[in-house]
Amino acid sequence: MIEVPDRNFGLDLVRVTETAAMAAARWQGRGDKEAADQAAVDGMRAHLTTIDLDGMVVIGEGEKDAAPMLFNGERVGTGKGPKVDIAVDPIDGTRLTALGLPGALSVIAVSERGTMYAPGSLVYMDKIAVGPEAAGMIDLDAPVDRNLARVAKAKGADVNDLTVIILDRPRNEHYIRAVRAAGARIRLIQDGDVSAAIATARPDSEIDLMLGIGGSPEAVLAAAALRCMDGEIQCRLWPRDDSERQWARDNGLDLDQVMDTEDLVGGDNVFFAATGVTTGEFLRGVQFRADSAVTHSVMMRSRTGSIRYMDAYHNFRKLREIGVTTLD
């Protein structure tokens, strides 16, 4: 089938994440999260300014980590193209990058203007996510064992065949206990719950379900990817203290609302792109060679359901000759 003729921004967005990933990867294992994040932000912003779109950053990563960021409300692009919402995570896994651990990504998502959820100062959400086989079978308010039973039934498996991925934090201990009691397997991760949610929808992954409390920016980015992959995510805002609860009340946010995939990222033309910073199960990390680099990326589009993986070879000498410096 031929894709619809309106413009596919996937390649433009991959160039953004490639630039950020290569800048961040220079800091792999050097123990400086802030420097890695700043390098990724600078690279991402520099390339975003070249794309013909009128973009507004709805989701930035910096508030949760007190890190450098593309600011919420910042306008990006040339201003000449379609009006869009943008969610970014210059590095999903800054600690992974700083320690030289696997699985860090540079991530961006785009949807039509006004279709992307903005949690503001509420930087955590309670989440559950599955791939297309179990979409429509989960309920964030249901007990863990019931969700596991329904996912197992949808996949034609037993509960003890399932693997649940959970962010290893004290706030998720109740989920860990409940999954163990139900008899399912667990994969605990230290960081990177965008790729964790995506893993539930990848046919080559052994992950069946994602559970746990993690970042709100990551929830929106994961929703964009799952829109493209026909998966499902449900979330609820998770305030850390009374001041965040008061902020939610003052800003009209419903702390009891369970949001689904389309509540987080609506519209009918969602784009998602990611490039590996450090090698993980999803994407390979940046490989530096003599005056060159190799990147591994994915681009997705909800309207067509297309998912493309791409290796790119970057010749720094030639890029410098034409005046391009952000990739080096």
Side-chain angles (χ1 to χ4, degrees), residues 16-45 59-70 87-108 123-125 127 163-173 175-176 186-200 202 205-207 210-219 221-222 225 240 273-289 293-298 314 327-328:
V16 171
T17 57
E18 285 174 347
T19 305
M22 284 188 283
R26 294 290 191 188
W27 293 89
Q28 178 177 330
R30 294 169 64 179
D32 192 335
K33 293 197 306 181
E34 288 73 23
D37 213 21
Q38 183 68 69
V41 168
D42 291 344
M44 185 170 272
R45 181 184 284 115
I59 294 291
E61 172 63 8
E63 290 188 31
K64 176 164 63 71
D65 298 325
M69 65 182 291
L70 281 151
V88 298
D89 196 344
I91 311 177
D92 179 35
T94 51
R95 192 185 70 87
L96 300 177
T97 303
L99 297 179
L101 295 173
L105 308 173
S106 179
V107 184
I108 189 168
V123 295
Y124 286 100
M125 287 183 176
K127 314 174 191 178
T163 300
V164 183
I165 193 165
I166 303 175
L167 195 62
D168 189 9
R169 297 289 190 275
R171 61 180 178 264
N172 288 326
E173 185 58 36
Y175 279 127
I176 295 170
I186 295 176
R187 182 180 299 178
L188 294 175
I189 57 171
Q190 295 301 313
D191 294 284
D193 56 351
V194 175
S195 56
I198 292 171
T200 66
R202 283 172 39 218
S205 167
E206 297 179 356
I207 303 301
M210 185 192 80
L211 281 173
I213 298 161
S216 299
E218 290 85 350
L221 285 157
R240 291 173 291 183
T275 299
V277 177
T278 62
T279 296
E281 294 182 11
F282 181 30
L283 296 172
R284 297 190 303 276
V286 179
Q287 298 171 283
F288 288 108
R289 300 175 180 176
V294 181
T295 56
H296 187 217
S297 304
V298 65
H314 308 271
L327 293 177
D328 194 1

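FYI, side chains are in, hydrogens and waters are out, and symmetry mates aren't considered; it's all heavy atoms of this structure.
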Keeping the roles fixed (side chain from Thr97, backbone from Gly93), state whether a donor-acceptor pair exists under 3.5 Å.
yes

Non-hydrogen side-chain atoms of Trp27 and Lys33 separated by less than 4.5 Å:
no

Here the pair of heavy atoms bringing Ala23 nearest to Ala39 is CB-O, 3.4 Å

Is Arg187 close to Ile207 at the side-chain level, that is, under 4.5 Å between some pair of heavy atoms?
yes

Got Asp193 and Ser195 here, is their nearest side-chain heavy-atom distance under 4.5 Å?
no

Does any N or O in the side chain of Thr200 come within less than 3.5 Å of the main-chain N or O of Ala197, such that one atom is a donor and the other an acceptor?
yes

Look up atom CD in Gln28 and atom CG in Leu96, then write down how far apart they are to the nearest 0.5 Å.
10.5 Å

Note, Arg284 side chain near Thr295 side chain (heavy atom, < 4.5 Å)
no

CG-CG distance between Asp92 and Leu221, expressed to the nearest 0.5 angstrom:
8.0 Å

With a 3.5 Å cut-off and no angle check, do the side chains of Thr275 and His296 form a donor-acceptor pair?
no

Lys/Arg cation over aromatic Tyr175: Arg169, 6.0 Å, 45° cone:
no

Can you see which heavy atom on Ala196 is nearest to which on Ile165, and at what distance?
CB-CD1, 3.7 Å

Between OG1 of Thr19 and CZ of Arg45, what distance do you get to the nearest 0.5 Å?
13.5 Å

Out of curiosity, Phe288 CZ to Arg26 CZ, how far, rounded to the nearest 0.5 Å?
4.0 Å

Count the heavy atoms of every other residue, nucleotide or ligand shown that sit under 6.0 Å from CD of Glu281, and state whether that count exceeds 12.
no

Rounded to the nearest 0.5 angstrom, the CG-CG distance for Leu105 and Leu283 is 5.5 Å

To the nearest 0.5 Å, tell me how far Asp168 CG sits from Leu188 CG.
4.5 Å

Minimum side-chain heavy-atom gap Ile59-Val88 below 4.5 Å:
no

So, the side chain of Thr278 versus the backbone of Gly103: is there a donor-acceptor pair under 3.5 Å, distance only?
yes

Please check: side-chain N/O of Asn172 versus main-chain N/O of Leu167, any donor-acceptor pairing under 3.5 Å?
yes

How about Gln190: does its CD atom have over 12 heavy atoms from other parts shown lying under 6.0 Å from it?
yes

Measure from the side-chain N and O atoms of Lys127 to the backbone N and O of Gly215, and report whether any donor-acceptor pair falls under 3.5 Å.
yes

Show the nearest heavy-atom pair for residues Pro90 and Ala20, with the distance to one decimal.
O-CB, 4.3 Å

What heavy-atom pair brings Val286 and Ala25 nearest, and what distance separates the two atoms?
CB-CB, 3.7 Å

Taking all non-hydrogen atoms of both residues into account, name the closest pair between Val277 and Ser106 and its distance.
CG2-N, 3.8 Å

If we ignore hydrogens and angles and just use 3.5 Å, is the side chain of Thr94 paired with the main-chain N or O of Asp37 as donor and acceptor?
no

How close do Glu18 and Ser297 get, heavy atom to heavy atom, and via which atoms?
CG-OG, 3.8 Å

Passes side-chain contact (heavy atoms from CB on, under 4.5 Å), Met210 versus Ile166? Steps please.
CA-CA 6 Å; Met210 185 192 80; Ile166 303 175; over 6 Å; no

